[in-house]
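Numbered from 1 within each chain, the chains take letters A, B, ... in sequence-line order. Here the structure is a predicted model, which is why all the values come from computation and not from measurement.
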2 protein chains.
Amino acid sequence: MDTALKAIADPKRREILRLVWTSELPASDIASHFHDVTRSAISQHLGVLRQANLICERRSGNRRLYRANAEEMARLRTFLDQYWTGGLDRLKTAAEAAQRKKDNEHG
Amino acid sequence: MDTALKAIADPKRREILRLVWTSELPASDIASHFHDVTRSAISQHLGVLRQANLICERRSGNRRLYRANAEEMARLRTFLDQYWTGGLDRLKTAAEAAQRKKDNEHG
DNA sequence: CGATAGTGTAAGCGAATGCTTACGTAAGAA
DNA sequence: TTCTTACGTAAGCATTCGCTTACACTATCG
């Protein structure tokens with residue numbers, strides 16, 4: 001999970017993910033979308049995303065087609081949601097504990 | 001925004017954020033929560049979070065009290081939400097564009 | 001077969017990261 | 001004032017990162 005979080009912390013990798021979010025794309029198409037960096041750099045970014053299980057690879061003849069792994073993306077989003085709401089839960093339980101303490105003091 | 005994303009990509013910084021999510025804590029209390037790392041390391045993590053505007057610092061006598069910056073946290077969460085749903089938006093606009101193209105071809 | 005796309009990978013490099021130790025500094029306590 | 005507590009910060013170091021160039025490999029075309 002931490003691997004995925006670090007993977008999407010990079011803007012280029014987030015852009016790559018958006019490219020393959022809806023449509024499956026060959027590595028060359030993905031690479032040609034970035035004009036400030038080499039094809040090799042993009043290939044390595046794809047490797048990072050692959051290792052984080054955020055993209056799936058399918059070989060078709062000469063090409064390798066990539067698409068976002070919606071399942072893992074969803075898991076990551078859930079993790080982040082739980083992290084956020086987890087804070088609220090802590091607030092809630094803290095408030096409840098304070099209330100109990102207050103009640104005990106009054107009882 | 002990218003700074004914030006990279007800040008929360010680190011597990012120790014996420015834990016720090018949770019510690020100061022609800023209650024304001026002095027740096028020493030935060031540091032003493034981590035037994036595998038020096039107080040200095042935590043201080044530097046606090047610096048990263050501070051630079052990402054994810055925590056607020058308040059001085060009280062000798063101490064420095066930290067708390068999570070709920071506003072910035074919310075902004076970050078919104079950014080991530082838009083990133084996720086942005087993929088769906090792209091799918092929608094792509095479908096609309098395809099439809100328009102189709103209409104033109106038929107016109 | 002050889003030539004040519006499409007692609008991953010190894011090597012190397014400069015910059016950033018996360019950590020430690022040592023030091024600096026500001027606010028009370030004696 | 002001197003000592004102590006609470007903290008940031010500089011320096012140094014090993015590791016990781018993102019990038020480039022060069023090369024290796026596989027599939028297709030001739």
### Message
Using only modelled atom types and a 3.5 angstrom limit, is any donor from either the side chain of Ser43(B) or the base of dT9(D) paired with an acceptor on the other?
### Response
no
### Task
Figure out the CZ/P separation between Arg59(B) and dT25(C), and round it to whole Å.
14 Å
### Task
State whether the distance check finds a donor on one side and an acceptor on the other, under 3.5 Å, for side chain Gln44(B) versus base dT20(C).
yes
### Query
When we call it a touch if two heavy atoms are under 4.0 Å apart, what does Ala41(A) touch: a base, just sugar-phosphate, or nothing?
base
### Message
Expressed as a whole number of angstroms, how long is the span from Glu15(A):CD to dG18(D):P?
### Response
16 Å
### Query
Is the closest side-chain donor-acceptor distance between Gln44(A) and Ser40(A) under 3.5 Å?
yes
### Message
Mind checking if Ser28(A) touches a base, just sugar-phosphate, or nothing, with heavy atoms under 4.0 Å?
### Response
sugar-phosphate
### Summary
On DNA chain D, more 5' by nearest nucleotide between Lys6(A) and Asn62(A) is Lys6(A)
### Task
Please state whether the phosphate of dC17(D), meaning OP1 or OP2, lies under 4.0 angstrom from any side-chain nitrogen or oxygen of His45(A).
no
### Query
Counting any heavy atom closer than 4.0 Å, what does Arg50(A) reach on the DNA or RNA strands: base, sugar-phosphate only, or nothing?
nothing
### Message
Expressed as a whole number of angstroms, how long is the span from Arg63(B):CZ to dT4(D):P?
### Response
18 Å
### Message
Rounding to an integer number of Å, can you tell me how far Asp2(B) CG sits from dG18(D) P?
### Response
11 Å
### Message
Please determine whether ring pair (Phe, Tyr, Trp, His ring centres under 6.0 Å) holds for the pair Trp84(B) and Phe79(B), giving the CA-CA distance in whole Å, both sets of side-chain angles, and the decisive distance to 0.1 Å.
### Response
CA-CA 9 Å; Trp84(B) 252 271; Phe79(B) 172 81; 9.8 Å; no
### Query
Asp10(A) has an atom CG; how far is it from atom C1' of dT16(D), in whole Å?
13 Å
#### Entry: Donor-acceptor pair present, Thr38(A) side chain and dT21(D) base, under 3.5 Å
no
#### Entry: Gap between atoms CG and P, on Leu46(A) and dT7(C) respectively (whole Å)
10 Å
### Task
Starting from C1' on dT28(D), measure out to CZ on Arg64(A) and report it in whole angstrom.
16 Å
### Query
Just checking Val37(B): base, sugar-phosphate only, or nothing, at a heavy-atom cut-off of under 4.0 Å?
sugar-phosphate
### Query
Are Glu15(A) and Lys12(A) close enough for a salt bridge, meaning some N to O gap below 4.0 Å?
no
### Query
For the residue pair Met73(B) and Leu54(B), what are the closest heavy atoms and their distance?
SD-CD2, 3.7 Å
### Query
When you measure from the side chain of Ser40(B), which nucleotide among dC7(D), dC19(D), dA22(C) comes out closest?
dA22(C)
#### Entry: Interatomic distance where CG belongs to Leu25(B) and P belongs to dC7(D) [whole Å]
11 Å
### Message
Do the side chains of Arg63(B) and Asp29(B) get close enough for a salt bridge, i.e. N-O under 4.0 angstrom?
### Response
no
### Under 3.5 Å donor-acceptor pair, Arg39(A) side-chain atoms to dG8(C) base atoms
yes
